[in-house]
Amino acid sequence: MGLKWIDSQELAIELAEHFPEIDPATVRFTDLREWILALEDFDDDPEHCNERILEAVQTCWIEEAG
């Protein structure tokens with residue numbers, strides 16, 4: 001079972017592992033969306049993404065990096 005848009009915390013962990021040098025607070029949502037779509041374990045409809053979802057993932061990633 002792959003990661004879905006609603007898996008904010010798990011997506012944040014994956015992103016932190018793939019991009020340890022990135023400050024998540026500086027990531028644009030367009031880049032964030034593309035990086036999530038490129039994750040090997042991601043398996044959800046790209047069209048089901050919205051700003052609120054990306055904000056939730058970014059917030060979790062900031063907490064993970066902190």
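The minimum heavy-atom distance linking Gly2 with Asp43 is given by the pair CA-CB, 4.0 Å. Between Pro46 and Arg33 the shortest heavy-atom distance is O-NH2, 3.1 Å.
Judged as a side chain to side chain donor-acceptor pair (under 3.5 Å), the pairs with a partner in residues 55-66 (not counting sequence neighbours) are, in order, Gln9-Glu64. Applying the ring pair (Phe, Tyr, Trp, His ring centres under 6.0 Å) rule to pairs touching residues 22-41 yields Phe19-Trp35, sequence neighbours excluded.
Linking Ile, Leu, Val, Met, Phe, Trp and Tyr whenever their side-chain heavy atoms come within less than 4.5 Å puts Leu15 and Leu3 in one cluster. Grouping the Ile, Leu, Val, Met, Phe, Trp and Tyr side chains by contacts below 4.5 angstrom, directly or via other members, places Ile13 apart from Ile62.
Around CD1 of Ile6, the count of heavy atoms belonging to other residues, nucleotides or ligands within 6.0 Å does not exceed 12. The local environment of CD in Glu17 is crowded, with over 12 non-hydrogen atoms from other residues, nucleotides or ligands closer than 6.0 Å.
Applying the salt bridge (Lys or Arg N to Asp or Glu O under 4.0 Å) criterion to Arg52, with sequence neighbours excluded, gives no partner residue.
At a threshold of 4.0 Å, the pair Asp31-Arg28 counts as salt-bridged, since one of the basic side-chain nitrogens sits closer than that to a carboxylate oxygen.
In this structure the side chain of Leu11 reaches within 4.5 angstrom of the side chain of Phe42, judged on heavy atoms. For the pair Leu54 and Ile36, the minimum side-chain heavy-atom distance is below 4.5 Å. Trp5 is not listed as a side-chain neighbour of Asn50, based on a closest heavy-atom distance of 4.5 Å or more.
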| Step by step, would you call Ile53 with Ser8 a side chain to side chain contact (heavy atoms under 4.5 Å, CB included)? | CA-CA 8 Å; Ile53 289 170; Ser8 301; 5.6 Å; no

